Each structure stands twice: as structure tokens, then as C-alpha cells.
Asks: 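Here it is: the structure, laid out below.
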Amino acid sequence: MKGYFVTGTDTGIGKTVVSAALCLKLQASYFKPIQTGPDSDTGTVQALSGAFAFPPVHHFPDPLSPHAAARNAGASIDPSGIQVPSRRPLVVEGAGGVMVPLNDRHLMLDLIQQIGLPVVVVASTRLGTINHTLLTLQALRMVGCQVHGVVHVGEPDPISLEAIEHHGKKKVLFQMPWLPEVTPQALQKIAGEMHGF
Ligand SMILES: Nc1ncnc2c1ncn2[C@@H]1O[C@H](COP(=O)(O)OP(=O)(O)OP(=O)(O)O)[C@@H](O)[C@H]1O
Ligand SMILES: C[C@H](N)[C@H](N)CCCCCC(=O)O
Ligand SMILES: [Mg+2]
């Protein structure tokens with residue numbers, strides 16, 4: 001049964017919107033283990049997809065890197081204390097990108113490796129994405145994570161698509177358009193167009 005860990009090349013890159021589309025596509029549950037800031041990606045995915053969502057293990061108020069948000073809250077994140085739900089299909093979303101620190105020793109990369117689900121990398125099509133995406137793919141490869149593929153978000157850009165596929169040796173599985181408005185209806189249509197997941 002299917003499950004994916006959705007990471008990205010940055011914060012604000014589109015992981016939550018892609019996660020909601022995947023939840024619709026797969027009729028999957030959603031799990032955001034670590035949330036920082038006032039946003040609730042969990043609430044956003046539920047509103048956009050109606051998916052069943054497991055509550056975050058950690059939700060710290062400061063809109064910062066998890067390690068700093070936890071420290072400011074007088075807490076610390078122990079990745080071994082994060083158990084991924086067994087329900088499948090399941091979409092797990094990270095926070096920021098793969099090299100985001102969870103504490104003084106662990107990175108989001110370590111949690112991705114621990115959870116062990118195939119990884120979907122969300123990347124923009126803006127100039128600069130080739131470097132960001134190849135760095136992310138390289139980091140995942142170095143720790144042996146299985147990368148399912150890349151989702152490109154924004155105006156289609158054949159140059160970065162070709163470079164990512166050639167040098168990253170991973171397919172850009174889906175070209176997510178920049179939507180005039182992110183609505184459940186728009187994502188339902190997108191979900192019907194997502195193949196290879
Ligand atoms: N395809 C899209 N079309 C239009 N707007 C989008 C699209 N993808 C993302 N957005 C918007 O961009 C912003 C950031 O997207 P999102 O919250 O998915 O990023 P993220 O990578 O999940 O961020 P975080 O690291 O905080 O979890 C949101 O306002 C979202 O609605
Ligand atoms: C606050 C927001 N919701 C993000 N999830 C936090 C992303 C932290 C990024 C840290 C960094 O790469 O500098
Ligand atoms: Mg998000």
C-alpha cells in the first residue's frame with residue numbers, strides 16, 4: 001500500500017498543496033509530524049482534500065526552523081519519538097527542506113530516513129531550482145532514501161525539468177500549475193491528472 005514523504009527544496013515551496021493533491025489522488029490520510037508557526041498544514045490539507053489527518057506530534061508557535069521553535073518553547077524534538085501511523089495510503093509532510101535541523105544532532109533528513117517512505121521532492125520552476133533540487137536529491141541519495149520523483153510547481157520550464165531529470169536521475173513526475181486560487185475543486189482536477197503515484 002502506498003505512502004510518500006513529501007519534502008521540498010524550501011519552505012513555502014508548495015509541499016502542503018501537493019500533499020493535499022496526493023491525498024485526493026490516493027484517498028490517503030495525512031500526517032505532518034512537526035509544525036511550526038501559526039499555520040496549520042493539517043487544517044489546510046483537511047480543508048482542501050477532506051483527508052483524515054493525524055495530529056502533529058509537535059506544534060511550536062514560532063514560525064522558525066523546528067530546532068529553534070522547539071528551543072524557544074523550552075522543548076526539544078527527539079525524532080525517535082515520532083512514530084509514523086501504520087494507516088495506508090499515507091502522505092507525510094516535512095517542514096521546510098531536508099537539511100532543516102530538528103535539534104543539535106538531527107536533521108529532517110534523519111526523520112525522512114527513519115520513516116522510510118518513498119520521497120516526493122516538491123520544487124519550483126523558478127530560476128535557481130536546478131541547484132536547489134539537485135542538492136536535495138543528492139542529500140537524500142547520500143543517506144539511501146528512495147526518491148519516488150519530483151513535482152515541479154509553477155510555470156512550466158523545460159530547461160530546469162531536463163537538467164533535473166538528467167543530472168538528478170529522477171523523473172519530474174508531475175507539473176503542478178500555479179493556480180489562480182487553491183480550492184478543493186481545483187485540486188480535485190489536478191489529482192485526476194497526477195500519474196505515476
Ligand atoms: N500550485 C499552486 N498554485 C497556487 N498557489 C500555490 C500553489 N502551491 C502553493 N501555493 C501557495 O503558496 C504558499 C506556500 O505553499 P505551501 O503552504 O504548500 O508551502 P509548503 O512548502 O508546504 O510550506 P511549509 O514549509 O511552511 O510547510 C501557500 O499560500 C499556497 O497556497
Ligand atoms: C514556519 C514554516 N511553517 C516552516 N515550516 C518552517 C521552515 C523552516 C525553514 C528553516 C530554514 O531552512 O531556514
Ligand atoms: Mg506545508
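For clarity, every value in this text was computed on a predicted model and none was experimentally measured. One-based numbering, in listed order, for ligands and for the atoms of each. Along the sequence shown, residues are numbered consecutively beginning with 1.
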Asks: Please report the interatomic distance CD1(Ile82) to CD(Gln114), rounded to the nearest 0.5 Å.
Replies: 7.0 Å
Asks: In terms of ring plane angle, is the pair Phe197 and His148 parallel, tilted or perpendicular, where the classes change at 30° and 60°?
Replies: tilted
Asks: Measure Asp41 to ligand 2 on non-hydrogen atoms and call it side chain, backbone, both or neither using the 4.0 Å cut-off.
Replies: neither
Asks: Would you say the side-chain atoms of Gln113 pair up with the backbone N or O of Val143, donor to acceptor, closer than 3.5 Å?
Replies: yes
Asks: Does Pro63 reach ligand 2, in the sense of a heavy atom lying below 4.0 Å from it?
Replies: yes
Asks: Please tell me whether Tyr30 and Gln46 have a donor and an acceptor in their side chains that are separated by less than 3.5 angstrom.
Replies: no
Asks: Under the 4.0 Å line, does any protein heavy atom show up next to atom 12 (O) of ligand 2?
Replies: yes
Asks: Pull out every atom of ligand 2 sitting under 4.0 Å from any heavy atom of Thr11, numbered as shown with elements.
Replies: 2 (C), 4 (C), 7 (C)
Asks: Let me confirm one number: the CG-NE2 distance from Asp39 to His59, rounded to the nearest 0.5 Å.
Replies: 7.5 Å
Asks: According to salt bridge (charged side-chain N to carboxylate O under 4.0 Å, His left out), who are the partners of Lys171, at least two apart in sequence or on a separate chain?
Replies: Glu165
Asks: Among all the protein's non-hydrogen atoms, which is closest to atom 9 (C) of ligand 2, and how far away is it?
Replies: Val100 CG2, 4.0 Å
Asks: Counting only heavy atoms and a distance below 4.0 Å, can you name the residues contacting ligand 1?
Replies: Thr11, Gly12, Ile13, Gly14, Lys15, Thr16, Val17, Lys32, Asp41, Glu93, Gly96, Val153, Met176, Pro177, Trp178, Leu179, Val182
Asks: Nearest 0.5 angstrom please: Ile130 CD1 to Asp157 CG, how far?
Replies: 7.0 Å
Asks: State if Leu64 counts as touching ligand 2 under the rule of any non-hydrogen atom under 4.0 Å.
Replies: yes
Asks: Any sub-3.5 Å donor-acceptor pair from Gln185's side-chain atoms to Val182's backbone N or O?
Replies: no
Asks: Between atom CG of Leu111 and atom CD1 of Ile34, what is the distance when rounded to the nearest 0.5 Å?
Replies: 5.5 Å
Asks: Near Ser65, which atoms of ligand 2 are under 4.0 Å from a heavy atom of that residue?
Replies: 8 (C), 10 (C)
Asks: If you round to the nearest 0.5 Å, how far is NE2 of His152 from CD1 of Ile164?
Replies: 3.5 Å
Asks: Give me the residue, atom name and distance of the protein heavy atom closest to atom 1 (C) of ligand 2.
Replies: Thr36 OG1, 3.2 Å
Asks: List nothing but the number: protein N/O/S atoms under 2.8 Å from the Mg ion (ligand 3).
Replies: 3
Asks: With rounding to the nearest 0.5 Å, note down the distance linking CD1 in Ile190 to OG1 in Thr183.
Replies: 9.5 Å
Asks: Only counting residues at least two apart or in another chain, list the ones meeting salt bridge (charged side-chain N to carboxylate O under 4.0 Å, His left out) with Glu162.
Replies: none
Asks: Once the angle between the rings of Phe31 and Phe54 is folded into 0 to 90°, is it parallel (under 30°), tilted (30 to 60°) or perpendicular (over 60°)?
Replies: perpendicular
